[in-house]
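Take a look at the structure below.
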Amino acid sequence: MKTNDVILKSVTRVAAVIILTFSIYLFMNGHHHPGGGFIGGLSMSSAIVLLYLSFGVDKVRENIRVDFKKLAAIGVLIAIGTGMAGVIFGKPFLTQTFGYYDLPIFGNTELASALIFDTGVALAVIGTAVNIILSISEDR
Amino acid sequence: MFYTYIFLPLISAILVPFLYKYFNRFVHTGWFVLLVPLSIFIYLVQYIPSVAAGDTYKYTLSWIPSLNVNIVSFVDGLSLLFGLLISGVGSLVIVYSIFYMSKAREALHNFYIYLLMFMGAMLGVVFSDNLLVLYGFWELTSVSSFLLISYWYERKSSRQGALKALLITVLGGFGMLAGFIMMIMMADTYSIREMIANLDVIQSHGLFIPAMLCILLGAFTKSAQFPFGIWLPDAMEAPTPVSSYLHSATMVKAGIYVVARMTPIFGGSSVWFWLVAGIGIITLLYGSLTALRQTDLKAMLAYSTISQLGLIMCLLGVGSLAVYFGPGESSTIFTVAAFAALFHLFNHSTFKGSLFMVVGILDHETGRRDIRYLGGLMQVMPITFTIALIGGLSMAGLPPFNGFLSKEMFFAAVNDVSKAGIFGLGSIGILFPIIAWVASIFTFVYCMIFIFKTFGGQYRPEKLTRKVHEAPWGMLISPAILAVLVILIFFFPNVLGKYILTPALSAILPTMTPSPYDLKISPWHGLNIELIMTIGVIVIGLLLFKSSKRWIQAMRNYPQGLTLNHWYNKGLSGTERLSASLTNGYMTGSLRHYLIYTFAFFVIVLVSSLLLLYGFQFDFSNDAAISIFDIGLVLGMVIAAGTVLFAGNRIVAIVALGALGYMVAMFFVIFRAPDLALTQMVVETVSTLLFLLCFYHLPKLKKGIERIPFKLTNLIISIAMGLTVTLLALSANGHKLFEPITSFFENSYKLAGAKNIVNAILVDFRGFDTMLEISVLAVAGLGVYILVHQRSKGREQHENE
Amino acid sequence: METLMVILVGILISIGTYLILSKQLLRIVLGASIVGHSVNLLIITSGGLKRGSAPLLGEKAAGFADAIPQALILTAIVINFAVTAVVLVLSYRAYKSFGTDDMEQLRGNENE
């Protein structure tokens, strides 16, 4: 993609950061507020796709050295792995637990194994969405 | 312990490829495989004394304990007889195959895997007590015999023969499954033994006759009875060890086994008698007559196998009369008939096994199996000739060979049955001995042809492609053992009778108590009618054989159009044509047609079931209020969708679709679904981008899209679809059958520590769904990747060429 | 409101079906997308509309909207995206390989 669009590039520089931050916020907040793995993953992949659109595939690939096909597979594996954890403790597959801990900086925080599962979901979504878009835009 | 041996063939089949791969260079794989049937045989021999004393053994292997499904095995005389035949003849066949199948040229691993699979399946059939397990093994024998027959799969005739055997035996197998299920329904048990214990329930049930017919269909197809026997000659395309194994001792005897096993249940009914004995004797005549016409030695043996199976079947039918008469004096002669069936079954395995191996030797050494090319081999192959002579004369029913004894008993049985005077036998019962006698003459003649056209006469080496010499010892040893058995059984038949056949008989006819005197087999009964019949057979048979030159050609010119095979081929190609024309009629290759079928089916099924179940009951009372904004959105969506429909420019259509998606997101906002609204927004953005990217990279694709030509059928179907969904949704809204289960999920904070219920459902309550969903997602991503990249690779190749 | 939504769904499904029955690949993809949207709307309608607040326990409301249809739709949206992508790329490739996007010309030979 060889458009020379200064406005798009300048906006992207700012917008991508905002979108990425917001997507992480959405992802982390998913347990109690709107958000979660699917939404966080999708918005993060939309940010990455925006980068690709404005700066071109090759330039972004130099800076983000991630194979998105593998990322999707890793996501699925993480999700299955959290399921296996339940099996190890004698519970049914995919049993999730949660607890409240006092952490140094965050104070009393809830830690849930569901968050790890959600991480897997988010990675799978990012991997798939970016992979689809990249595959199509690489083809010429 | 028992199951280790029964499943040994199946388990060891797994090892064969490794043995073949690493040791075949040094040792023929067959030597390893030989250990399997040999150890089973030795193990089973240990049962003989106790089973002969009247014991039976029951073994249970729990399979699905929670459903109480167990593999129950039962060792009694009948299953032991078959088990010994399967493993004993199996060992001999494997020894023979070691010398028959070339170590270097043949795919031995395939061969032995199939053979072991078949052996395991046969053992499973004869030892199962559970009817469904029996059926499973039964079908496994069909499948593995298919593989064995098509072993030389590069030959067309092999494939066709295998297909024919599979089609016919599996057809019968389905019939048998139906029969078994009916029996299970009648007796409310899977166990054959419990069925025999509850005879009254089954015999007074309305399904008694249908179940019997279905089971007999299975048994008759497997045992190649008239008119299903046509698969057996074609199955001769298999390597000779296979033919020898399948058609002398095992596969075709499975049908006999089932008939024998079911005799306590169905025996005594006139339908059973007429079908088993009647079909049996017709098969005997048909097989012997057709065998006469054959010039291929193997085909001749195949038809002779069919006819001998008919003989055994007929004897079993006659034996079933014993159940009708019940224990006592009048049933003894029929009990002896069943005994003769078992005796002949054993004898047939010995002499037919050796004869098949002889044909294999001839084929192997001369390269020919056609009697028109062979002759005078007596001089070059004296040992083979001796074995063939023993086997052939035994089959012809001459002393001092075991075939003589069982044939005499057969004549006695058909004579008895003609005098039985029940089931309408009084008038036409006399046909039994007449047909049996005529068929025996034919049998005698083809045995003579087999022996003397091959080994007698002038030796004509110029007609053969190879230099002929005697077979290696390894190929001779198995048929020689069988031939020795043929003679030994003649002189000591009662050892076999007492230890093996009598216990088997008590399994077929458990209520009978024949005295050992009745079951004594002796070659000499004085000058009775049976002996006169045998002498008649020999005299007329010899006359016919001497004059064979005059009539044999006429037999061979029997018109092809009248054979069963011809009708089978016609029927097969006819059904193929019918199904092809039927399929081509609706499988037009047009996506639109397929979708029309799908949509029409959807509409018809849903609307008609709504009508039939009085589903049209609408309830508008609970509807939420409508605001102006909602109406605006609805109108906007209809307009957007209409734009997609009528747009002449594809960019417009894509943008309109995007607008539609954003409006869906706004509906989610109105309906208090923040997660959905967020997701919908992002997804809509990304997929619009996807559409646009697709076209950005397709400069060749014409910018405009054609307007859709108006089609009335499409319009009708679309409107019908819309209406159906609307009606369905409305009537679903009108029927609240049960309380929503949402209140459970509203405890999500307590149960999952999450305040976002939707997220809790996704990651916690229904985590399995989500896990599978992301798997699907990843697969879809890979699919897209492959679709794009594989294509460009193909183009590179194209450019390189 | 429910009735209105159901009627809207019916109209959208009619339009989507008509598009699917046309012979251009792109139209078929667009039609499938529209049907996907309308089914999502149908599912959320079946849970009852405008009752209670968003299904977030932090809202401290008296009642919540039905969360199950929402969870179902959330997965459906994402899967829909993946399916659309696959179908789109498939049709794109079909066009490149065969030079046409007309389904009637892509039907293959007789007696295949």
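Everything quoted here is computed from the prediction, not taken from an experiment. In what follows, chains are A, B, ... by sequence order, proteins preceding strands, each numbered from 1.
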- Note on the structure: On a heavy-atom basis, the closest approach of B/R592 and C/L21 is CD-O, 3.2 Å

- Minimum heavy-atom distance between C/A67 and B/I757, given as atom pair plus value: CB-CG2, 3.5 Å

- Only counting residues at least two apart or in another chain, list the ones meeting side chain to side chain contact (heavy atoms under 4.5 Å, CB included) with B/L689. A/V49, A/L53, A/I133

- Message: Report which part of C/I28 has an atom under 4.5 Å of a heavy atom belonging to chain B: side chain, backbone, both, or neither.
- Response: side chain

- Query: Do B/R672 side-chain atoms and C/D66 backbone N/O form a donor-acceptor pair below 3.5 Å?
  - Reply: no

- Note on the structure: For C/S14 and B/I719 the tightest heavy-atom approach is OG-CA, 3.7 Å

- Looking at C/T84, C/V78, C/N40, which one has more heavy-atom pairs under 4.5 Å with chain B than the rest? C/V78

- Interatomic distance, B/L633 atom CG to C/L8 atom CG [nearest 0.5 angstrom]: 9.5 Å

- Supply the atom-to-atom distance C/I13 CD1 to B/T724 OG1, rounded to the nearest 0.5 angstrom. 9.5 Å

- Residue pair B/F667 / C/I44, side-chain heavy-atom distance below 4.5 Å: no

- Turns out that what part of C/L12 lies under 4.5 Å from chain B's heavy atoms comes down to side chain

- Note on the structure: Contacts of B/L657 meeting side chain to side chain contact (heavy atoms under 4.5 Å, CB included) (sequence neighbours excluded), chain-then-number -> B/V644, B/L660, B/F691, C/L30, C/S33, C/I34

- Heavy-atom nearest pair, C/F81 first then B/S687, reads CD1-CB, 3.9 Å

- Item | Gap between atom OG1 of C/T17 and atom CD1 of B/I596 - 0.5 Å precision | 11.5 Å

- Message: I'd like to check C/L74 versus B/N759 (side-chain heavy atoms, cut-off strictly below 4.5 Å). Are they in contact?
- Response: no

- Taking B/E773 for the side chain and C/A76 for the main chain, is one N or O donor matched with an acceptor at less than 3.5 Å? no

- Could you check if a side-chain atom of B/F668 sits within less than 4.5 angstrom of a side-chain atom of C/I77, using non-hydrogen atoms only? yes

- Cut-off 4.5 Å, heavy atoms of chain C, and the answer for B/A673 is both

- Task: Give, as side chain, backbone, both or neither, the part of B/S627 having an atom under 4.5 angstrom from any heavy atom of chain C.
- Result: both

- Can you tell which part of B/V776 gets under 4.5 Å to a heavy atom of chain C, answering side chain, backbone, both or neither? side chain

- Option in C/I11, C/I73, C/N80, C/I7 with maximal non-hydrogen atom pairs under 4.5 Å from chain B: C/I73

- Task: Find the distance between CE (C/M5) and CD1 (B/I670) and round it off to the nearest 0.5 Å.
- Result: 8.5 Å

- Item | Per-residue contact mode, C/I79 against chain B (heavy atom under 4.5 angstrom) | both

- Engaged part of C/V39 at the chain B interface, taking heavy atoms whose separation is under 4.5 Å: neither

- Query: Is there side-chain contact between B/M637 and C/L41, with at least one heavy-atom pair below 4.5 Å?
  - Reply: yes

- Item | Between CG on residue B/L728 and CG on residue C/L42, distance to nearest 0.5 Å | 8.0 Å

- Heavy-atom distance under 4.5 Å to chain C: side chain of B/I761, backbone, both or neither? side chain

- Message: Testing the basics here: between B/A780 and C/A82, what is the closest heavy-atom pair and its distance to 0.1 Å?
- Response: CB-CB, 3.7 Å

- State, yes or no, whether a side-chain contact exists between B/V725 and C/V9 at a heavy-atom distance under 4.5 Å. yes

- Message: Would you say that B/V788 contacts C/R93 through its side chain, given a criterion of any heavy-atom pair below 4.5 Å between the two side chains?
- Response: no

- On a heavy-atom basis, the closest approach of C/H37 and B/E684 is CE1-OE1, 3.2 Å

- Query: Non-hydrogen atoms of chain B under 4.5 Å away: do they reach the side chain of C/S46, the backbone, both or neither?
  - Reply: backbone

